[in-house]
Number of protein chains: 2
Amino acid sequence: MEVSNRYVTIKTHIHGAPEESNFEVQAETVALTIQPGSNDIIVRNVYVSVDPYQINRLKSYSSSQKALAISSGINPGEGIVSPGLGKVVASSDPEFEKDDLVTGFVTWAEYSTVKAGSVRKLDPMGFPLSYHLGILGFSGMAAYAGFFELCKPRKGEKVFVSSACGSIGSLVGQYAKLHGCYVVGCAGSSGKVALLKEKLGFDDAFNYKEETDYKLALKRYFPGGIDIYFDNVGAEMLEAAVANMNHFGRIAVCGTISEYTDDGRRAAPSMLDVIYKRIKIQGFLATDHLNLHSEFRSTTCDYLRNEKIKVLEDISDGLDSIPSAFVGLFRGDNIGKRIVKIAEE
Amino acid sequence: MEVSNRYVTIKTHIHGAPEESNFEVQAETVALTIQPGSNDIIVRNVYVSVDPYQINRLKSYSSSQKALAISSGINPGEGIVSPGLGKVVASSDPEFEKDDLVTGFVTWAEYSTVKAGSVRKLDPMGFPLSYHLGILGFSGMAAYAGFFELCKPRKGEKVFVSSACGSIGSLVGQYAKLHGCYVVGCAGSSGKVALLKEKLGFDDAFNYKEETDYKLALKRYFPGGIDIYFDNVGAEMLEAAVANMNHFGRIAVCGTISEYTDDGRRAAPSMLDVIYKRIKIQGFLATDHLNLHSEFRSTTCDYLRNEKIKVLEDISDGLDSIPSAFVGLFRGDNIGKRIVKIAEE
């Protein structure tokens with residue numbers, strides 16, 4: 001049996017801020033049968049994730065940037081790899097049966113043909129399926145591992161989170177509050193600031209677009225200094241955080257969205273501050289910390305069941321909405337985890 | 001009994017590169033007797049240390065830089081605090097007797113009046129006294145703690161050291177070699193490069209002044225990437241190291257001498273590299289790691305007794321030589337630990 005499979009790709013490599021016109025939906029014919037021994041699985045996608053970091057795979061890499069292509073660049077016409085979940089259509093691996101629910105790395109497509117190791121079976125555990133791409137997926141894992149494993153928070157410590165209404169930032173702030181920390185977030189609109197304070201329980205929050213001097217802003221929100229900075233944005237905010245860090249402060253660098261679309265934009269934090277204040281700045285990927293996965297999941301499921309943590313989702317409908325959903329991330333359109341629903345379960 | 005005590009101070013706070021004319025020798029009258037209960041000790045200095053980081057205490061601090069004044073700024077006319085060693089002249093603390101050899105924080109002076117907690121008794125253990133300011137003092141401790149504790153080296157890992165002929169860099173490289181690492185250093189003259197390769201046993205070394213593109217230079221010396229960078233210089237070399245780091249690379253930021261005398265000079269390493277390559281950048285002070293002190297000392301004394309480690313010292317004579325010794329550090333005049341001999345033992 002064959003189907004026409006629609007998928008999103010780029011027309012050319014992207015430079016600067018992405019636009020919807022950079023993308024197109026292509027169609028291909030896919031045989032819904034598998035070669036035995038191929039180790040392939042065909043997944044009919046239900047939800048796919050839309051994340052800022054994906055821009056870094058859609059650029060063309062100059063020689064000086066090759067190091068960044070470690071999660072391999074994606075070329076025009078190719079499928080765009082993405083976290084997602086769906087149902088097994090056919091599998092060469094006897095561990096997976098037709099209609100099994102699976103999650104892992106698929107593509108922005110109706111159907112994705114992936115290797116067996118790219119996905120695992122998914123038990124929804126009574127939660128909405130979409131949660132397994134956000135709070136119970138890589139976003140949650142990044143928030144949990146970055147905050148607890150890299151930053152080793154102690155009760156009462158002062159935590160700053162940027163992109164605090166984003167998929168990861170919104171969870172970091174809530175984990176930090178549940179851990180007994182004092183938490184301030186920044187975001188890009190007054191509506192988001194209100195949401196952080198009123199719905200997510202942040203101790204304070206500010207709209208960075210209303211601040212002209214981030215160093216002074218952070219000084220105001222942290223008169224006693226910052227112990228932990230969970231960085232999702234990079235550039236000037238990272239510099240300002242370093243200037244306001246306390247001794248033995250820890251910075252988890254999860255993302256630098258303000259730098260993704262501007263190659264010349266960089267943070268130049270004071271290394272003298274880094275030395276004298278013994279600051280640790282550390283980059284990480286959620287996938288490095290899978291040893292924490294069961295702890296992360298049981299803790300987070302408990303919080304969800306006891307309604308101690310709020311889920312911010314921003315779900316759009318249909319494969320064709322992926323380009324605008326993606327492009328909007330860089331304008332800060334999203335509140336919480338941006339997910340695209342590809343099909344009904 | 002009173003003596004005239006000569007000491008070095010600054011005429012005004014220093015901006016930019018220090019010059020000998022920034023300093024002057026002043027004289028004061030010191031009573032060589034102690035008020036009981038004052039907790040004071042008077043030390044007749046034998047050797048004092050001259051280190052680049054001291055410039056950071058001699059600047060005037062604008063509000064934006066206040067955080068740096070944590071080891072408190074020093075004002076014109078005041079004594080300049082420095083590691084040193086000498087003999088007790090008088091002590092209010094019964095633990096110290098006249099003529100005891102002590103080391104710790106004194107001042108650039110013939111006599112220093114310090115609190116009892118600032119110094120400890122020194123057992124030379126058969127080594128030249130000067131060793132206890134360099135290889136067996138804070139320089140050695142910084143090299144040992146920064147390399148072993150922050151960087152957690154594994155045998156065979158690739159290590160890059162900047163200011164590799166400096167008091168700390170020369171020891172880091174030798175510790176790394178003794179640990180089974182591959183070590184490349186950079187320094188500022190062909191003579192230093194030869195010394196690193198021929199005397200200190202570095203696997204390779206280069207003169208950074210002959211390189212126009214540090215990224216390409218490091219690519220050439222580390223075609224397989226850098227696992228550990230021990231940073232003594234900051235700025236462009238730190239950026240280049242980040243660009244050439246391997247996954248899970250570690251950077252110990254010990255000093256940023258190229259930034260000390262130019263406030264506008266900063267490293268702007270790619271944070272995208274930091275994330276994707278999961279790089280850790282960490283500042284430290286030797287004094288934070290005194291828990292390692294006995295391990296450091298026994299290991300290093302063994303290396304010295306078995307002639308497995310070389311000592312580079314650069315000793316000048318007399319209090320009046322301190323300003324030129326200090327100023328020369330920023331021109332890279334020194335080879336190894338710069339020490340000034342104040343008096344005979």
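All values below come from the heavy atoms of this structure, side chains included, with hydrogens, waters and symmetry mates left out. Here is the naming used below: chain letters follow the sequence lines, and residue numbers restart at 1 for every chain.
Considering only heavy-atom pairs separated by less than 4.5 Å from chain A, the leading option among Arg250(B), Lys280(B), Lys219(B) is Lys280(B). Comparing Ile281(A), Ile251(A), Leu150(A), Asp231(A) by how many heavy-atom pairs each has under 4.5 Å with chain B, the most go to Ile281(A).
The structure places CZ of Phe248(A) at 9.5 Å from CD of Gln282(B), a figure rounded to the nearest 0.5 Å. How far CG of Asp288(A) is from NE2 of His247(B): 9.5 Å, rounded to the nearest 0.5 Å.
Residues Met271(A) and Leu238(B) have side chains in contact (heavy-atom distance under 4.5 Å, counting atoms from C-beta outward).
With a 4.5 angstrom heavy-atom cutoff, Leu216(A) does not touch chain B via any of its atoms. Heavy atoms closer than 4.5 Å to chain B are found nowhere in Asn244(A), neither backbone nor side chain. In this structure, chain B has heavy atoms under 4.5 Å from both the backbone and the side chain of Tyr53(A). Proximity to chain A is limited to the backbone of Ile279(B), based on heavy atoms less than 4.5 angstrom apart.
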Pair Arg278(A), Leu285(B) - check side chain to side chain contact (heavy atoms under 4.5 Å, CB included), show working.
CA-CA 7 Å; Arg278(A) 291 83 122 196; Leu285(B) 299 178; 3.5 Å; yes
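With sequence neighbours excluded, no residue forms a ring pair (Phe, Tyr, Trp, His ring centres under 6.0 Å) with Tyr214(B).
Between Phe284(A) and Ile275(B), the shortest heavy-atom distance links the atoms O-CG2, 3.7 Å.
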